[in-house]
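First comes the structure, then the notes that go with it.
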Amino acid sequence: MLLVLSEEHKEHLSFLPQVDAAVVGEFGRIALEFLRRGASPKVYEGAARKLCVPVEMVQHGVEGLMFLMTESSKHMISEVDFLDSVLVLGFSEELNQMLLQLYLQHHSQIRSILSHLPSSMPAYHNLEWRLDVQLARRSVRQQLIPMLTMRVHLTRSDGHSDYNSRILQTDPSTLLHLISTLEAALAAMKTSHARRILRNIK
Amino acid sequence: MELSESVQRGLQSLADQSAFDHGSFQVLVDVSFRSLLSSHGDPTVLDQPEFNQIDQILLKQSHTAAVTFILEAVKQNADQSTISSSLEELTFSADRTEIFYSAYQKHKKDLERLLASIGRGLPHITDASWRLEYHMKNGQVDKVNDSFYLISLNTENEGSSEDINFTCTVEQLQDLVGKLKDAAKTMEKASQM
């Protein structure tokens, strides 16, 4: 799959051949930091001053580079397709190889950062349980009610790495019902229908 | 059983044949159990023809005392000897004790259930639903190609229900089911002790 670069994008990237290879490498680093931590105007200003060019040029160059990296990572473009896509920029062979190296070194990291972007639902992390017997409560004494108390640990839905936990209870018969329901869920993965889909959609 | 003074006095009036004759005693016992078991408060519960001759304040005191006694007995899971000795101490005749106790036996299970439903607790899981999905791509990343489960635990707490939704991979679901099966095994062993 080839990337189609817009005119504006090509214009932004046209800055790159005008600077040293070392500078391109530095821009690559800034672009990745941008992905990880967000843009920092001070860095752009510093670079612009050193290179004696306007700040916008630096900013566009970095952003253009970053966009090139993220689009390539998003679609998991092969080496060949990547090189073919940047060919249209008319860069030197050396510069093309630099960009390719940048892509190859960082594409899985970029993909992992991108995959955290979509807001996700809470995901299962862990389950703790204990068996209790209720003996009494304020309104009734002399009870004998077995209960399973559980703490379900879930990741928070805004993607932060800490966990939410919920304390829940259930009774023995519901527990058995839950087990059989979830075992049926596991069995669904092993049907020929599921296997066929998993095998063929790649 | 420990009873307050006003409850003791109310019950003593109920025991008194000159205050409550046989017919009105029977009706008051029935009405007391009924007013506990009905789902709506009934302001006319004491408007029975058998109560016309009885002083209304005395009637209310006896009704309140009877209802309190019943609730306390159910709460403590009182047996026949406890109830009989408490009532006899309050001057109930053997006959009246018998009438009271048979009504208690008849309604005890329902009253227990009512009392057990009062109070706060943790959300109680009643059911679980699941979906198996295949994540192909999203706006930020292409070619994800991952399968995952969407699990929903339906819980109830004091009448209001809440669904707890989360995703998990096949391995995580296996972990979850494994832990639940451990819990079930433990429960089974405990029930055989």
Side-chain angles (χ1 to χ4, degrees), chain A residues 1 70 73-76 111 113-118 120-131 133-134 137-143 145-150 152 154-155 157 166-172 174-179 181-186 188-189 194 197-198 201-202, chain B residues 71 74-77 112-132 134 136-145 147-151 153 155 157 164-170 172-184 186-188 190-191:
Chain A
M1 169 183 172
T70 55
S73 304
K74 172 175 170 180
H75 297 287
M76 291 212 341
R111 251 181 99 80
I113 295 175
L114 287 178
S115 65
H116 286 123
L117 276 179
S120 52
M121 284 184 45
Y124 171 79
H125 177 69
N126 195 12
L127 177 87
E128 296 174 280
W129 60 267
R130 69 176 205 215
L131 180 56
V133 178
Q134 183 170 300
R137 63 197 296 168
R138 178 177 166 182
S139 51
V140 193
R141 311 292 150 82
Q142 301 200 15
Q143 295 179 306
I145 305 179
M147 302 224 247
L148 191 76
T149 307
M150 301 184 273
V152 184
L154 303 172
T155 58
S157 55
R166 298 294 307 262
I167 302 187
L168 306 169
Q169 274 184 330
T170 192
D171 54 87
T174 309
L175 174 64
L176 295 176
H177 167 68
L178 288 179
I179 292 174
T181 305
L182 294 178
E183 280 184 321
L186 283 172
M189 270 291 278
I197 305 280
L198 262 56
I201 303 187
K202 281 277 172 245
Chain B
L71 283 177
V74 175
K75 177 164 130 183
Q76 306 287 350
N77 197 21
E112 265 173 2
R113 210 178 309 137
L114 258 179
L115 283 179
S117 68
I118 298 174
R120 299 188 195 221
L122 293 170
H124 191 99
I125 302 181
T126 52
D127 202 358
S129 27
W130 58 268
R131 274 163 48 180
L132 174 57
Y134 191 62
M136 291 175 61
K137 60 164 88 173
N138 60 59
Q140 276 73 32
V141 190
D142 207 351
K143 299 200 186 143
V144 178
N145 295 341
S147 53
F148 67 100
Y149 285 96
L150 266 175
I151 309 280
L153 295 176
T155 69
N157 194 4
I164 300 186
N165 301 315
F166 57 91
T167 63
C168 59
T169 63
V170 181
Q172 286 169 335
L173 185 58
Q174 284 169 337
D175 179 66
L176 173 58
V177 173
K179 292 193 164 110
L180 291 179
K181 283 166 106 163
D182 285 339
T186 306
M187 225 175 220
E188 210 193 311
S191 71

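To find a chain, count down the sequence lines: A is the first, B the second, and so on, and within it residues start at 1. It should be emphasised that the depicted structure is a prediction, and the values quoted were computed from it without experimental measurement.
Taking chain B as the reference chain and counting heavy-atom pairs below 4.5 Å, the highest number among V152(A), I145(A), L186(A) is found for L186(A). Between chain A and the options G119(B), S117(B), P123(B), S147(B), heavy-atom pairs under 4.5 Å are most frequent for P123(B). Listed options V140(A), L176(A), V133(A) were ranked by heavy-atom pairs under 4.5 angstrom with chain B; first place goes to V140(A). Between chain A and the residues M136(B), Q172(B), R131(B), Q174(B), the largest count of heavy-atom pairs under 4.5 Å involves Q172(B). Contact count against chain B (heavy-atom pairs under 4.5 Å) is highest for E183(A) among E183(A), R130(A), H125(A), M147(A). Highest contact tally toward chain A, considering only L122(B), L132(B), V74(B), is held by L122(B) [criterion: heavy-atom pairs under 4.5 Å]. When A194(A), A184(A), P172(A) are compared by the number of non-hydrogen pairs under 4.5 Å with chain B, P172(A) comes out ahead. Looking only at heavy-atom pairs under 4.5 Å with chain B, the residue among E128(A), Q134(A), M76(A), H177(A) that has the most is H177(A). Top candidate by heavy-atom pairs under 4.5 Å with chain B, chosen from L148(A), I201(A), T174(A), I167(A), is I201(A).
Proximity to chain B (any heavy atom under 4.5 Å) is restricted, for L154(A), to the side chain, taken from C-beta onward. Proximity to chain A is absent for every atom of R113(B), based on heavy atoms less than 4.5 angstrom apart. Only the side chain of Q143(A) comes within less than 4.5 Å of a heavy atom in chain B; its backbone stays farther off. Interface residue R138(A): only backbone heavy atoms are found under 4.5 Å from chain B. For L114(A), the parts sitting under 4.5 Å from any heavy atom of chain B are the backbone and the side chain alike. At a 4.5 Å heavy-atom cutoff, N157(B) makes no contact with chain A through either its backbone or its side chain. With a threshold of 4.5 angstrom between heavy atoms, L168(A) approaches chain B through its backbone and through its side chain. Heavy atoms closer than 4.5 Å to chain A are found in both the backbone and the side chain of T186(B). In this structure, chain B has no heavy atom under 4.5 Å from any part of S73(A). Proximity to chain B (any heavy atom under 4.5 Å) is shown, for T181(A), by both the backbone and the side chain. Heavy-atom distances place both the backbone and the side chain of H75(A) under 4.5 Å from chain B. For I164(B), the part lying under 4.5 angstrom from a heavy atom of chain A is the side chain only. In this structure, chain A has a heavy atom under 4.5 Å from the side chain of L150(B), while its backbone stays farther away. For N165(B), the parts lying near chain A are the backbone and the side chain together; criterion is any non-hydrogen pair under 4.5 Å.
For the residue pair L178(A) and A128(B), the shortest heavy atom distance occurs at CD2-CB, 3.4 Å.
Distance check: F148(B) CZ to M189(A) CE gives 12.0 Å after rounding to the nearest 0.5 Å. Separation of atoms CZ (F166(B)) and CZ (R166(A)) is listed at 11.5 Å; rounding is to 0.5 Å. If you take NZ on K75(B) and CZ on R141(A), they are separated by 4.0 Å, rounding to the nearest 0.5 Å. Atom CG in L175(A) sits 11.0 Å away from atom CD in E188(B) (nearest 0.5 Å). Going from atom CE of M187(B) over to atom CG of L131(A) covers 4.5 Å, rounded to the nearest 0.5 Å.
Using a distance-only test at 3.5 Å, with no hydrogens or angles considered, no donor-acceptor pair links the side chain of R137(A) to the main chain of L115(B). A donor-acceptor pair under 3.5 Å is absent between the side-chain atoms of Q169(A) and the main chain of H124(B), judged by distance alone.
A side chain to side chain contact (heavy atoms under 4.5 Å, CB included) with T170(A) holds for exactly one of L180(B), T155(B), I125(B), T126(B); it is I125(B).
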- Query: Step by step, would you call L182(A) with Y149(B) a side-chain contact (heavy atoms from CB on, under 4.5 Å)?
  - Reply: CA-CA 10 Å; L182(A) 294 178; Y149(B) 285 96; over 6 Å; no
- Could you check Y124(A) against I151(B) for side-chain contact (heavy atoms from CB on, under 4.5 Å), going step by step and ending with a plain yes or no? CA-CA 9 Å; Y124(A) 171 79; I151(B) 309 280; over 6 Å; no
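K179(B) places none of its side-chain heavy atoms less than 4.5 Å from the side chain of M150(A).
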